[in-house]
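Report on the following structure.
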Amino acid sequence: MVEFQVIEELEFHPSLGIDLSAMEKLAGGLYIEDIAIGDGEPLTSGDQPLVRYELWLFDASPINSGEFDFILGEGQVIAGFDQGILDMRVGGVRRLIVPPAMGYGAQAQGTISPGSVLVFEIEILSVLR
């Protein structure tokens, strides 16, 4: 049986700048923090945002980074990513802390161990509606 990491029990690496008390906790245990708000209409389900992201584990181990687009709310990305960027705007930057159940769960994904908490920083570059 895979043990899932619990966000509130982790000691995040200082370089990540995580302060859970300053973040908003959403349904499912997802934490979000807006770093920059951006401009324009907020993202809604069905929009196609182009995002730039960086991904780490809680100990600041880098996983990957890049840019991609997808249709929001269609399940093309992990649930924490889909839910975590709702209502962001172009130019906005948000930090997400994704619990395992909203990430890859009990499955390994490349260098990500089963049950891992994920830390994202996401910027919305553009959006097609």
Side-chain angles (χ1 to χ4, degrees):
M1 173 149 218
V2 173
E3 297 241 355
F4 281 14
Q5 293 176 335
V6 177
I7 292 173
E8 295 82 4
E9 294 175 1
L10 296 175
E11 187 173 324
F12 291 91
H13 192 277
S15 68
L16 295 173
I18 304 283
D19 177 2
L20 290 180
S21 68
M23 299 180 81
E24 180 181 356
K25 186 176 181 180
L26 303 180
L30 176 70
Y31 282 84
I32 66 170
E33 177 182 19
D34 286 316
I35 297 167
I37 300 299
D39 297 308
E41 294 295 315
L43 292 175
T44 60
S45 191
D47 286 344
Q48 185 174 350
L50 173 63
V51 300
R52 176 181 301 134
Y53 75 97
E54 292 185 63
L55 171 60
W56 303 270
L57 298 178
F58 80 96
D59 63 359
S61 298
I63 299 302
N64 61 24
S65 62
E67 294 180 9
F68 70 98
D69 65 332
F70 67 101
I71 299 173
L72 187 59
E74 296 286 318
Q76 297 177 352
V77 294
I78 61 172
F81 202 101
D82 241 358
Q83 182 181 339
I85 70 165
L86 273 173
D87 83 5
M88 286 185 72
R89 303 166 190 266
V90 173
V93 179
R94 183 173 284 173
R95 179 177 294 126
L96 307 178
I97 303 178
V98 180
M102 296 184 80
Y104 297 111
Q107 302 299 312
Q109 182 71 25
T111 59
I112 301 171
S113 299
S116 291
V117 165
L118 307 173
V119 179
F120 284 95
E121 188 169 301
I122 301 165
E123 178 181 5
I124 306 300
L125 302 176
S126 64
V127 64
L128 292 175
R129 296 197 151 93

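Numbers here simply count residues along the sequence, with the first being 1.
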For I63 and W56, what are the C-alpha separation, side-chain angles and deciding distance, and is it a side-chain contact (heavy atoms from CB on, under 4.5 Å)? CA-CA 5 Å; I63 299 302; W56 303 270; 5.7 Å; no

Point to revise | Residues L55, I112; criterion side-chain contact (heavy atoms from CB on, under 4.5 Å); working and verdict | key: CA-CA 10 Å; L55 171 60; I112 301 171; 4.1 Å; yes

Margin query: Please determine whether side-chain contact (heavy atoms from CB on, under 4.5 Å) holds for the pair V51 and D69, giving the CA-CA distance in whole Å, both sets of side-chain angles, and the decisive distance to 0.1 Å.
Written below: CA-CA 6 Å; V51 300; D69 65 332; over 6 Å; no

- Under the side-chain contact (heavy atoms from CB on, under 4.5 Å) criterion, do K25 and L30 qualify, and how do the steps go? CA-CA 6 Å; K25 186 176 181 180; L30 176 70; over 6 Å; no

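There is a path of hydrophobic side-chain contacts, each under 4.5 Å, that joins L57 to I122. Taken together through direct or relayed side-chain contacts under 4.5 Å among Ile, Leu, Val, Met, Phe, Trp and Tyr, I18 and Y31 form part of one hydrophobic cluster. When hydrophobic clusters are built by joining Ile, Leu, Val, Met, Phe, Trp and Tyr residues whose side-chain heavy atoms come closer than 4.5 Å, directly or via intermediates, V77 is grouped together with L118. Put simply, V93 and M23 are part of two different groups of oily side chains (I, L, V, M, F, W, Y) that touch within less than 4.5 Å, one to the next. M102 and I97 fall into different hydrophobic clusters, where Ile, Leu, Val, Met, Phe, Trp and Tyr residues are linked whenever their side-chain heavy atoms come under 4.5 Å apart, directly or through other members.
One finds the CD atom of Q48 at 9.0 Å from the OG atom of S126 (value rounded to the nearest 0.5 Å). The CD atom of Q83 sits 11.5 Å away from the CD1 atom of I85 when rounded to the nearest 0.5 Å. From R52, atom CZ reaches atom OG of S65 across 9.5 Å, with rounding to the nearest 0.5 Å.
Heavy-atom neighbours of E67 CD from other residues, nucleotides or ligands within 6.0 Å: above the threshold of 12. When the shell of 6.0 Å around CD of Q76 is examined, it contains more than 12 heavy atoms from other residues, nucleotides or ligands. The 12-atom threshold is not exceeded at CD of Q107, counting heavy atoms of other residues, nucleotides or ligands nearer than 6.0 Å. Around atom CG of D19, more than 12 heavy atoms belonging to other residues, nucleotides or ligands sit under 6.0 Å away.
Centroid-to-centroid, the aromatic rings of F68 and F81 come within less than 6.0 Å.
The two residues L96 and G80 have their closest heavy-atom pair at CD1-O, 3.8 Å. Of all heavy-atom pairs between A106 and P114, the closest is O-CB, 3.2 Å. The shortest non-hydrogen separation linking P100 to F4 is CB-CD2, 3.5 Å. Minimum interatomic distance between L20 and E8 (heavy atoms only, all atoms of both residues): CD1-CA, 4.1 Å. The shortest heavy-atom contact between L10 and Q5 is CD1-OE1, 4.1 Å. Listed here is the closest heavy atom pair of L16 and F58: CD1-O, 3.4 Å.
Side-chain contact between V98 and V117 is absent, with no heavy-atom pair separated by less than 4.5 Å. Between P49 and F70 the shortest side-chain heavy-atom distance falls below 4.5 Å. At a threshold of 4.5 Å between non-hydrogen side-chain atoms, the residues R94 and I35 do not count as touching. Looking only at side-chain heavy atoms (C-beta outward), D87 and L43 stay at 4.5 Å or farther from each other.
Between D47 and R129 a salt bridge is recorded (basic side-chain N to carboxylate O distance below 4.0 Å). In summary, D34 and R89 do not engage in a salt bridge, as defined by a charged side-chain N under 4.0 Å from a carboxylate O.
Although no hydrogens or angles enter the test, the distance criterion places a donor-acceptor pair under 3.5 Å between the side chain of D82 and the main chain of G73.
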